[in-house]
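Hydrogens, waters and symmetry mates play no part in the numbers below; they use all other heavy atoms, side chains included. In this chain, residues are counted from 1 in sequence order.
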Amino acid sequence: SIGSAYKPDITTVRHMVFMHGLIEECLRSVPEVAHAIARDEDLVARRVARAIARGRIVVPANPRREHRLCAVGEGCRVKVNVNIGTSGARCDPAAELEKARAALAEGADALMDLSTAGDLPAIRASILALDVPVGTVPVYEAVRRAGNAADVDADLLFRVIREHCRDGVDFLTLHCGVNREAYAALVDDPRVMGVVSRGGAFHTVMMAERGEENPLFAEFDYLCEILKEHEVTLSTGNGMRAGAVHDATDRAQIQELIINAELGDRAHEQGIQVIVEGPGHVPLDEIETNVRLMKRMSGNKP
């Protein structure tokens, strides 16, 4: 038992809860994680637990590794997630790690490893060694292994997702909403810049070339099983986001949002924490509209 005088820090408390699923714990009680987040964010622990249970706050933390906790969502401070990663044009893992450390020194709250070149598992391991929540986009590695997007099948994609979970990644950007319906909306309402999301582009190519539905959508329940097993947060990728203000708030973006909101609800019902990404480049006078729309449709998920 834990005495009332014992107040573990925000790194230690993660091991007390996450083996059982944070959402389930918050439905039953006010776990120490909620108390730690409340102290860090100057909130009330009971309200933090309620917000986590309702899906309005997420705490991405894979139990396979230790790092400081970071709460995202309702009532919490704005968090900064810094993108790093190698590319074919510049593959210098040491430089990316230096960037990561510089970002953390300046107050970054999370890191996103977007590497596409070099030894991807080794690069990921070096970033996961840092004291911070880390996210990845598994389809990048799947395409790298296959050679091109058209050759990525469901088995390969899910195998990479499982590996990232086992490595200790805390949240995964998964473009579940880039399905045939969203793709049809894109075709019906052409854009100036088309699909600017790399993950979104990969999935549209996979569907177009293979004549198959996006496996992340078609086998969403299986995806949830993997995420649930490893207590990994789902970040619904915004593959149909606009790359130019001219394309903002169009059919494809909204269609994907509808799908992601529905899938987010399904995942949350299974005890999976969910972030809904979006919306991309929008004119200043549409920012508030987009935020309100996303919050309303997603049930106020982060």
Side-chain angles (χ1 to χ4, degrees), residues 2 6-82 103-104 107-113 127-128 130-136 164-174 224 226-237 264-277 295 298-302:
I2 301 173
Y6 177 66
K7 293 185 178 180
D9 63 33
I10 204 163
T11 297
T12 305
V13 294
R14 62 193 313 282
H15 293 289
M16 302 176 185
V17 171
F18 285 100
M19 288 183 66
H20 306 289
L22 183 57
I23 290 176
E24 289 91 336
E25 288 292 330
C26 288
L27 284 169
R28 293 195 296 262
S29 64
V30 181
E32 185 55 42
V33 167
H35 285 281
I37 295 298
R39 290 192 293 270
D40 190 54
E41 298 284 348
D42 194 22
L43 299 172
V44 177
R46 176 174 52 82
R47 293 182 179 178
V48 170
R50 184 187 306 165
I52 292 172
R54 297 174 70 184
R56 296 186 173 192
I57 289 178
V58 302
V59 187
N62 188 323
R64 288 181 177 267
R65 67 189 188 93
E66 276 194 40
H67 59 73
R68 58 184 172 83
L69 298 182
C70 172
V72 183
E74 187 175 81
C76 299
R77 299 188 308 276
V78 172
K79 301 303 189 297
V80 176
N81 180 31
V82 172
L104 296 179
D109 301 286
L111 294 173
M112 201 79 187
D113 175 20
I127 296 170
L128 287 169
L130 299 173
D131 182 26
V132 65
V134 174
T136 60
H164 283 220
C165 291
R166 290 168 182 162
D167 286 347
V169 175
D170 303 289
F171 58 102
L172 298 179
T173 291
L174 299 165
C224 286
I226 298 172
L227 299 177
K228 175 69 173 176
E229 177 185 355
H230 297 281
E231 191 66 22
V232 170
T233 298
L234 166 63
S235 188
T236 59
D265 287 344
R266 284 172 56 185
H268 179 260
E269 288 169 2
Q270 298 181 53
I272 297 164
Q273 299 187 87
V274 180
I275 295 170
V276 179
E277 296 185 19
K295 284 294 186 181
S298 70
N300 288 295
K301 292 182 178 62

Query - Working for side chain to side chain contact (heavy atoms under 4.5 Å, CB included), residues Cys165 and Val169 - result: CA-CA 5 Å; Cys165 291; Val169 175; over 6 Å; no
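- The minimum heavy-atom distance between Asp109 and Val132, with the atom names listed, is O-CG2, 3.3 Å.
- For Ile57 against Cys76, the heavy-atom pair with the smallest separation is CD1-SG, 3.8 Å.
- Side-chain atoms of Thr233 and Leu172, non-hydrogen and from C-beta on, never get closer than 4.5 Å to each other.
- The existence of a salt bridge linking Arg77 and Asp40 is confirmed by a sub-4.0 Å separation between a basic side-chain nitrogen and an acidic carboxylate oxygen.
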Query raised in the report: How far apart are the C-alpha atoms of Leu104 and Leu130, what are their side-chain angles, what is the distance that settles it, and do they pass the side chain to side chain contact (heavy atoms under 4.5 Å, CB included) test?
Result: CA-CA 9 Å; Leu104 296 179; Leu130 299 173; 4.2 Å; yes
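- Val276 places none of its side-chain heavy atoms less than 4.5 Å from the side chain of Pro302.
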**Report entry** CA sep, side-chain torsions, deciding dist, call: Asn62, His67, side chain to side chain contact (heavy atoms under 4.5 Å, CB included)
**Finding:** CA-CA 9 Å; Asn62 188 323; His67 59 73; 5.8 Å; no
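- Remark: the backbone N or O of Thr173 is not paired with any side-chain donor or acceptor of Thr136 at under 3.5 angstrom.
- A 4.5 Å side-chain heavy-atom check between Gln273 and Leu234 finds every atom pair outside the cut-off.
- Side-chain contact between Val82 and Met112 is absent, with no heavy atoms from C-beta onward closer than 4.5 Å.
- A donor-acceptor contact shorter than 3.5 Å is absent between the side chain of Lys79 and the backbone of Cys70.
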**Report entry** Glu32 and Arg39: CA distance, side-chain angles, deciding distance, salt bridge (Lys or Arg N to Asp or Glu O under 4.0 Å) verdict
**Finding:** CA-CA 10 Å; Glu32 185 55 42; Arg39 290 192 293 270; 3.0 Å; yes
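- With rounding to the nearest 0.5 Å, the separation of CD1 in Ile37 from CG in Asp42 is 13.0 Å.
- Between Lys295 and Glu74 there is no salt bridge, since none of the side-chain N atoms of the basic residue sits less than 4.0 Å from a carboxylate O of the acidic one.
- Nearest approach of Leu128 to Gly168, heavy atoms of both residues: CD2-O, 3.8 Å.
- Nearest heavy atoms, Leu22 versus Glu231: N-OE2, 3.4 Å.
- A heavy-atom distance below 4.5 Å is found between the side chains of Val33 and Leu69.
- A donor-acceptor pair shorter than 3.5 Å can be found between the side chains of Ser235 and Glu277.
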**Report entry** Step-by-step side chain to side chain contact (heavy atoms under 4.5 Å, CB included) determination, Leu174 to Leu227
**Finding:** CA-CA 11 Å; Leu174 299 165; Leu227 299 177; 4.3 Å; yes
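- A heavy-atom distance below 4.5 Å is not found between the side chains of Val58 and Ile52.
- Side-chain contact between Val72 and Phe171 is absent, with no heavy-atom pair separated by less than 4.5 Å.
- The backbone N or O of Ala53 sits less than 3.5 Å from a side-chain atom of His268, completing a donor-acceptor pair.
- Cys26 places none of its side-chain heavy atoms less than 4.5 Å from the side chain of Val30.
- The one candidate from Asp131, Asp167, Asp170 that meets the salt bridge (Lys or Arg N to Asp or Glu O under 4.0 Å) condition with Arg65 is Asp170.
- The NE2 atom of His35 lies 11.0 Å from the CZ atom of Arg46; values are rounded to the nearest 0.5 Å.
- The two residues Gln270 and Cys224 have their closest heavy-atom pair at OE1-CB, 3.5 Å.
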